[in-house]
Amino acid sequence: MTVAAKVSDTVSRRALLSGGLAGGFLLAFHLPVHASSPVVNEPVQPPDVTEGKFAPNAFIRIDDAGHTTLVMPQVEMGQGIYTAVAMILAEELDADFSSIVLEHAPANEKLYANPAFGIQATGGSTSVRAFWKPLRMAGATARAMLVQAASQQWQVEPKSCTAAKGEVIHIESGRKLSYGALAIAANGQTPPKDVTLKDPKDFVLIGKPLKRFDTPGKADGKVVYGIDAMLPGMKFATLAACPVFGGKVDTVDDSAARKIPGVQKVVVLDDLVAVVGDHMWAAKKGLDALVVTWNEGAGARISSKEIWEDIRAASEKDGVVAKSEGDIAKGLATGDRYEAAYELPFLAHATMEPLNATVHFKPDSCEIWTGTQIMARVQSEAAKAAGLPVEKVIVNNHLLGGGFGRKLEPDMVVAAVRIAKQVDGPVKVVWTREEDIQHDIYRPVYRDTIAATLSDGRIVGWKYRVSGSSIMARWFPAAFQKGIDIDAIDGAVDIPYDIPNLHVEYVRAEPPAVPTGFWRGVGPNNNVFAIECFMDELARKAGKDPVAFRRDMLGKNPRLKAALDLVAEKSNWGQPLPARVGRGVCVQPSFASFIATVVEAEVDEQGEVHLRRVTSAVDTGIAVNPDTIKAQLEGGLIFGLTAALYGEITIDKGRVQQSNFHNYRMLRIDQAPKIEVHIIKSGEAPGGIGETGVTASSPALRNAIYAATGVALRRLPIDRSLIAGKKA
Amino acid sequence: MATLTINGKQQTFNAPDDMPLLWVLRDVLGMTGTKFGCGIAQCGACTVHIDGKAVRSCVLPISAVRDRAVTTIEAVGETPAGAKVQKAWLDLEVIQCGYCQSGQIMSAAALLAATPNPDDSDIDAAMAGNICRCGTYVRVRAAIKQAATGRQS
């Protein structure tokens, strides 16, 4: 945070989170204050929250039987956030953790906005960071009201009472009252103006590797994802959008499709066709039997070659200055100068649960069953598509079978609503994997150029230009100001090294036709890759070991330096390796977590890469649930390695060329390395963790290949032909 | 009408012969524990057991199942190997988003039933057909070993 705070006119996600922006554009987060009269801010769902319940804020419901329900403001897509949120709330509430029930939050921006964005969204590794304080306050305030209620009943001072495991206890007499017994009385209490949060040394839940709430139902098939919604009389549909971005339907011959048993209806919209049937099989066979011609439009002239020519040309021009420290002209005139350009491809998300939404459209209402990272936005976009007022649209959220940023977009629900308007009764619309991959909203292509100078083994000047699509300009315009996308340059302005003359620019370069969106790891994915690849190249120019070279320039970053030292020790950095095997390192302060990672990999004669071992050391502040943090890093590292080894979406004549897992490959268990994650004990506020592994592993792998082969790859995915037969 | 024996129970329903077992389970019988992931036997999310062996139900027409026993995630816990696998999965917190995990558990249970003490190459061979986008592979491997030996590896 110090980096961002020092530099005027510099914005970053971390500044956004710390509220450090002058005249900040994020909405302040207000805990709804309890009142005995019905509160306007009360959620629409669950409708039964007020009567007979202690409902002091948006997150906590305690009924007179003692059932404690915690309402989850952030969505669970595998990252373990339901358990983390419950632990934080229950810690300060002193709830009985074993009897807690969790509930999805309804669409309600006022109550459940993410403080980092001011809208109801789960993303950017913000959940624990942004909700840490508000949830603790919510829990502590509720606890204080329960204590007040008990102390009134006993006619003692609140101070003479304590609470634990869902009971208020009068310390001297040992008298106890359960939270259920106090629920009604607590409801009448005035919330205290100031509450004291626990000293972290008194935490009984936070910091423990507690079992997750969401996993038992995922082990026996009982969990219901959006795609599992089943309604009486429901029909099933699948769709084909124009295979060329931006194209429209021209003609449809449905005579063969209508003859297929089980096909009920063919829906033709301006940009897509859908077949509705008694089950997905009938819908799919019907879709395959349609004869559709398309007006492909201007998008058909776009191919990857032109997209890359465009962005390469754009990246040669001056950009908007996002950060400038020292004197960059002087810095770049001192010592030996080196330059490099790094390129990252389009990527699809490929959540294991394909896009889907179930919709029951009626003339006066619309009910939706889905899994989304943006509840309120889905509700408002669905209302527009349905032609109904927003309050007539009910969104039932579910656990998500993967999100990775794909479900920060409402497009699947909008398409399903448009189809459902043509269908009598509820319809479940499921994308085939091919449609899911070919109509994604893609991680943008990026081209980053860096020029740097070295003198006495240290960096003197660093001029870094980031070029790529602005996702924020479309998705969250408040975070695109003065021509700067704060996500795209987040990792570039947050560079951890001591560099006296530093200059960062941003060039907005939108690819024609191809829609771009957030992808796990977001902006830092690109920045960390470019920075950490170039650091390895500079270390070699300086004749220094990659760990030592970095370490010497981490003087202002003791947390990162400690992580680097630990990972060097745990990964056996510097110990001899066989021929064609290398270790590569990456350090990053992204998402307010300080992580150092070493990948050990072998490159065979054919250029195939074999992952041997990955070691990460992380200081992520207070580790709310250390086992979840380990799991998120293990998974994030694999996610990044998958992209580095295989991930690329290419465009030919406006069409995505990849279609399913045979040509959009995923890392599998037989290729997965051993992974060790070491958590550094810390008393700092929690950092983000869902995306940090992703950003760490691809540069570390690339640097391992550099060490093993001597080849400095500058683009992903890894090109085997450049490293086949090469030896360091 | 077609008849299949699913989780020990005879189920009679109306579906064409070429319909993959996956869609019968999910859309006709409402057994949604078995997942759709790719439709071309590339990801393993739809894995079920036919006579105890792991198969991809998304490409298995019901005409090919005939009178063989179908077991799904909803009942695999009633088999000794399935119960051990589910327990190990929860003990080690393998699961993240969970969408692929029905398939992972079915593949692992079939592996353990056939090979009670699998080594790493047995695990690779049995599990490489199951993609996990959350990247839980390290824990999948550890949980299979724990399920096999009863010890944490």
Side-chain angles (χ1 to χ4, degrees), chain A residues 77-80 209 211-212 214-225 227-228 230 236 261-262 278-282 284 350-354 399-404 430 432-434 627-628 631-632 634-639 641-642 660-662 666-670 672 674-675 693, chain B residues 14-16 18-20 22-24 26-28 30-40 42-43 45 72-77 85-87 89-90 93-102 104-105 120-121 123-141:
Chain A
M77 45 193 173
Q79 79 280 42
K211 291 291 174 196
R212 291 172 59 148
D214 58 322
T215 48
K218 292 174 173 176
D220 60 11
K222 288 199 179 72
V223 65
V224 177
Y225 299 91
I227 202 169
D228 300 326
M230 293 297 272
F236 301 81
D278 294 338
H279 37 67
M280 179 72 169
W281 184 239
K284 197 171 177 308
T351 57
M352 289 311 294
E353 179 188 6
L399 298 177
L400 279 67
F404 316 130
V430 175
T432 61
R433 177 59 62 190
E434 289 79 8
D627 189 57
T628 301
Q632 280 303 288
E634 291 162 3
L637 291 162
I638 295 280
F639 202 91
L641 292 168
T642 299
N660 205 321
F661 294 123
H662 65 291
M666 298 294 138
L667 195 84
R668 293 171 182 271
I669 196 171
D670 56 342
K674 291 191 182 96
I675 301 178
Chain B
N14 192 8
D18 66 343
M19 186 160 166
L22 172 67
W23 300 115
V24 169
R26 289 185 56 81
D27 293 357
V28 177
M31 299 171 67
T32 55
T34 305
K35 301 302 185 205
F36 166 55
C38 70
I40 58 169
Q42 284 286 309
C43 80
T72 70
I73 186 69
E74 285 89 350
V76 77
V85 168
Q86 284 174 328
K87 181 176 182 305
W89 246 242
L90 293 176
E93 287 286 21
V94 171
I95 302 171
Q96 294 187 27
C97 95
Y99 192 80
C100 75
Q101 296 293 346
S102 293
Q104 303 278 358
I105 287 167
D120 281 330
S121 64
I123 293 172
D124 284 346
M127 304 303 294
N130 290 81
I131 292 173
C132 174
R133 193 70 172 119
C134 298
T136 62
Y137 301 127
V138 173
R139 294 188 187 208
V140 166
R141 187 182 299 281

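Throughout, a chain's letter reflects where its sequence line sits, starting with A, and its residues are numbered from 1.
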**Item:** Close side-chain approach of A/Glu353 and B/Lys35, heavy atoms under 4.5 Å
**Value:**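 In short, these two side chains do not touch, never coming nearer than 4.5 Å.
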What's the shortest heavy-atom distance between [X] and [Y], and which atoms?
{"X": "A/Thr215", "Y": "B/Ile95", "value": "CG2-O, 3.5 Å"}
{"X": "A/Met230", "Y": "B/Arg26", "value": "CE-O, 3.4 Å"}
{"X": "A/Phe661", "Y": "B/Gly37", "value": "CE1-O, 4.1 Å"}

Which of the residues [options] is involved in the greatest number of heavy-atom pairs with chain B at under 4.5 angstrom?
{"options": "A/Ile638, A/Asn660, A/Leu667", "value": "A/Asn660"}
{"options": "A/Asp278, A/Val223, A/Ile227", "value": "A/Ile227"}
{"options": "A/Lys222, A/Glu434, A/His662, A/Lys211", "value": "A/Lys211"}
{"options": "A/Asp627, A/Leu399, A/Leu400", "value": "A/Asp627"}

Atom [atom1] in [X], atom [atom2] in [Y]: separation rounded to 0.5 Å?
{"X": "A/Lys284", "Y": "B/Phe36", "atom1": "NZ", "atom2": "CZ", "value": "7.5 Å"}
{"X": "A/Lys218", "Y": "B/Cys97", "atom1": "NZ", "atom2": "SG", "value": "6.5 Å"}
{"X": "B/Asp18", "Y": "A/Trp281", "atom1": "CG", "atom2": "CH2", "value": "5.5 Å"}
{"X": "B/Arg133", "Y": "A/Phe404", "atom1": "CZ", "atom2": "CZ", "value": "6.0 Å"}
{"X": "B/Ile131", "Y": "A/Ile669", "atom1": "CD1", "atom2": "CD1", "value": "12.5 Å"}

**Request:** Name the option with the most non-hydrogen atom pairs under 4.5 Å to chain A; the candidates are B/Gly98, B/Gly77, B/Gly33.
**Result:**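 When all of B/Gly98, B/Gly77, B/Gly33 are compared, B/Gly98 has the most.
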**Message:** I need the residue from B/Gly129, B/Cys100, B/Ser121, B/Pro20 with the largest number of non-hydrogen atom pairs under 4.5 Å to chain A.
**Reply:**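 Top count of heavy-atom pairs under 4.5 Å with chain A: B/Pro20.
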**Item:** Positive for side-chain hydrogen bond (donor to acceptor under 3.5 Å, both in side chains) with B/Gln96, one of A/Arg212, A/Gln632, A/Gln79
**Value:**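 Testing B/Gln96 for a side-chain hydrogen bond (donor to acceptor under 3.5 Å, both in side chains) against A/Arg212, A/Gln632, A/Gln79 leaves exactly one candidate, A/Gln632.
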Is it the case that the side chain of [X] and the backbone of [Y] share a donor-acceptor pair, with hydrogens and angles ignored and the cut-off at 3.5 Å?
{"X": "A/Tyr225", "Y": "B/Tyr99", "result": "yes"}
{"X": "B/Gln101", "Y": "A/Ala219", "result": "no"}
{"X": "A/Asp220", "Y": "B/Glu74", "result": "no"}

**Asked** Side chain, backbone, both or neither: which part of B/Ile105 has a heavy atom under 4.5 Å from chain A?
**Response**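 It is the side chain, since no backbone atom gets that close.
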**Message:** Using heavy-atom distances under 4.5 Å, tell me whether B/Asn14 contacts chain A through its side chain, its backbone, both, or neither.
**Reply:** neither
Salt-bridge present ([X], [Y]; N to O < 4.0 Å):
{"X": "B/Asp124", "Y": "A/Arg668", "answer": "no"}
{"X": "A/Glu634", "Y": "B/Arg139", "answer": "yes"}
{"X": "B/Arg141", "Y": "A/Asp670", "answer": "no"}

**Request:** Report the C-alpha distance between B/Cys43 and A/Met352 in whole Å, list the side-chain angles of each, state the deciding distance to 0.1 Å, and finish with yes or no for side-chain contact (heavy atoms from CB on, under 4.5 Å).
**Result:** CA-CA 9 Å; B/Cys43 80; A/Met352 289 311 294; 3.8 Å; yes
**Asked** Which bit of A/Val430 comes within less than 4.5 Å of chain B, counting heavy atoms only: side chain, backbone, both or neither?
**Response**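 For A/Val430, side-chain heavy atoms alone lie under 4.5 Å from chain B.
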**Request:** Under the side-chain contact (heavy atoms from CB on, under 4.5 Å) rule, what do A/Thr628 and B/Glu93 come out as? Steps first, then yes or no, please.
**Result:** CA-CA 9 Å; A/Thr628 301; B/Glu93 287 286 21; over 6 Å; no
